[in-house]
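Shown next, in structure tokens, is the structure this report addresses.
Just so it is clear, the values below take in all heavy atoms, side chains as well, and ignore hydrogens, waters and symmetry mates.
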Amino acid sequence: MRVMVDLARCQSYGQCVFAAPEIFEISGQEVLEYDSAPSDEWRLHALRARAACPVQAITIGPAAGPGQDLRQPPATRPAADSVGVLR
Amino acid sequence: MSGYPSSRSERVVIVGASLTGLHAADALRDGGFTGHITLVGAEPHPPYDRPPLSKRVLAGRMSADSTGLPQRQDLDAHWRLGNAAVALDRDARTVTLEDGTTLGFDKLLIATGTRARRWPDPDEAALTGVLSIRTREDAVELQARLAARPGRVLVIGAGFVGSEVASVCRELGLDVTVVERSAAPLAGALGAWAGTAAGRLQRRHGVDLRTDTSVVELEGDADGRLRRARLSDGAVLDVDVAVVALGAVRNVEWLAGSGLTVDSRGVRCDPYCRAVDADGRPCDDILAAGDVACWPHPLYEGLLAVEHWDNAVRQARVAATTILHGPVREHTALPTFWSNQFGLNIKVVGVPGRADQVAVLQGSVERAAFVAAYGRGGRVIGALAVNTPRALDAYAEMISRRMSFPPDLNAADAPDPVHVLDLAVPAAG
């Protein structure tokens, strides 16, 4: 599980800290810090934090990358044509 | 082919597999795109988040492996990581990669971003201990060097990245010297007034800040390890770690000869993210977004080139809309960015660096909780909020509405009277 907060949008309301104290904390007066790769055991807390955020700044999902996109093996066409995943 | 992709055989190639590329792919799938998406990345890693690199990762409070960005949905994309694009052929509609592969496209999104500007002398730049901070590897190496507790860290350049590195050094209890060519830290982005306040803050936190000074030479020993730095004022510092924080350079070299309008500000685009060719015409099938793009913004003169997280995400979404539907949605979002340093939450909206006047309108600088508005030509063009993040939306609204400066707020926490300070007028971009 990966967590990302849009810190340009975040206004440090701190609702995420109440919903998932294992992941989010306010450091100092207004600085939000968070664990971007928390244990899956806190998934429900993370989802609650995402729902509770007043400015909807939290994204949760599996780590982006090829590992998430190999449901079908990629078929490679000849290089001169193109390369892509056939859907 | 001049239509907009609708069929499953359409091919979108995104060059740049970082924040912009990821969000563009996500937005394409959100928009119902069912064709092929290929993400090409020069770095071997899937998309990761860079802001923590100069903060929590450097402080050793977060692993670089944890910076991988989340994916909101199955992107069904083909990833070409660790394989930089080296050429674009507009007529053939192909991108050539480092390993010789040629990728055909119906639509191309250029999202190759920036890289750290290197120390100008190549021999000195190659010394062990002379580092930049832009990639995961950079952060891992610098973190290890800081953890080894060097006697003193030299930071060259006091922009946001340099100031964040200095903040981490002090957090770790390390001696740090920051050398800045101009009169104050952060002055390029925030103007001389806020820069002077930032300088006081840094010195209060124990940073050895040397403004109006530059590093003239980095000296190594016989083994090629950094040992000393010579400054323009004649001072000599014994250092074995130097962080080069002199800003970023756009990754546009691979577009040489492509026929697009490209310069040091990046790939010239129209408001719909369409790249502009040498004749000034926008290309329907080649777009650019993120740090590598520059474009005309309705609120600002000239071109804007914005190297911030927020712009990467928003511009990626506009580019995806243009790919799917043509030029229907302009990229007019205000630049917004944030930084955490020396225990403060700093948020900025608009373009304060272009202002000719500034005024604190709420709170107090002495108490380190305030909002300053920036004006140019009698209009509000930017705002800076320190430890007052919830105030900034109202200022964004003032900027968008081109309100007159200084705005008459009558805020309950306004200084009385409000002082308007003149700033040296920077050139428009």
Query raised in the report: Between B/H45 and B/Y48, how do the two ring planes meet: parallel, tilted or perpendicular, split at 30° and 60°?
Result: perpendicular
Query raised in the report: Side chains of A/E30 and B/N387: is there a donor and an acceptor less than 3.5 Å apart?
Result: no
Report task. Assess the side chains of B/D30 and B/Q73: does a donor N or O sit below 3.5 Å from an acceptor N or O? Result -> yes
Report summary line: Applying a strict 4.5 Å limit to non-hydrogen atoms, the region of A/S27 in contact with chain B is neither
Report task. For salt bridge (charged side-chain N to carboxylate O under 4.0 Å, His left out), just list the numbers for B/R90 and B/D285, CA-CA rounded to whole Å, side-chain angles, deciding distance to a tenth of an Å, and then say yes or no. Result -> CA-CA 9 Å; B/R90 279 174 63 208; B/D285 45 12; over 6 Å; no
Report task. Identify the residues of residues 337-347 of chain B whose heavy atoms come closer than 4.5 Å to a heavy atom of chain A, ordered by number, or report 'none'. Result -> B/W338, B/N340, B/G343, B/L344, B/N345, B/K347
Contact part of [X] toward chain A, heavy-atom cut-off under 4.5 Å: side chain, backbone, both or neither?
X     : answer
B/D65 : backbone
B/R56 : side chain
B/L22 : side chain

**Report entry** Derivation and outcome, salt bridge (charged side-chain N to carboxylate O under 4.0 Å, His left out), residues B/E171 and B/R61
**Finding:** CA-CA 11 Å; B/E171 184 187 324; B/R61 286 185 284 122; 3.1 Å; yes
Query raised in the report: Any residues in residues 7-22 of chain A near chain B, with a heavy-atom distance under 4.5 Å, and which are they?
Result: A/L7, A/A8, A/R9, A/C10, A/Q11, A/S12, A/Y13
Query - Leading residue by heavy atom contact count with chain B [cutoff under 4.5 Å; candidates A/V31, A/I60, A/L32] - result: A/V31
In Å, rounded to the nearest 0.5 Å, how long is the span from [atom1] of [X] to [atom2] of [Y]?
X     : Y      : atom1 : atom2 : result
B/F33 : B/K107 : CZ    : NZ    : 10.0 Å
B/T96 : B/L103 : OG1   : CG    : 8.0 Å
B/T67 : A/R2   : OG1   : CZ    : 7.5 Å
A/I26 : A/E33  : CD1   : CD    : 9.5 Å

Query raised in the report: Considering residues, nucleotides and ligands other than A/R43, do more than 12 of their heavy atoms fall under 6.0 Å from its CZ?
Result: no
Report task. Mind ranking B/D393, B/V13, B/V313 by heavy-atom pairs under 4.5 Å with chain A and telling me who comes out on top? Result -> B/D393
Requested in this report: Specify which of B/P70, B/P46, B/P51 makes the most heavy-atom pairs with chain A at under 4.5 Å.
Outcome: B/P70
Query raised in the report: Would you call B/R93 and B/D106 a salt bridge, taking side-chain N to carboxylate O under 4.0 Å as the test?
Result: no
Query raised in the report: Taking side chain as C-beta onward, heavy atoms only, is B/V86 less than 4.5 Å from B/L97?
Result: no
Query raised in the report: How far apart are the closest heavy atoms of B/L19 and B/A312, and which atoms are they?
Result: CD2-CB, 3.8 Å
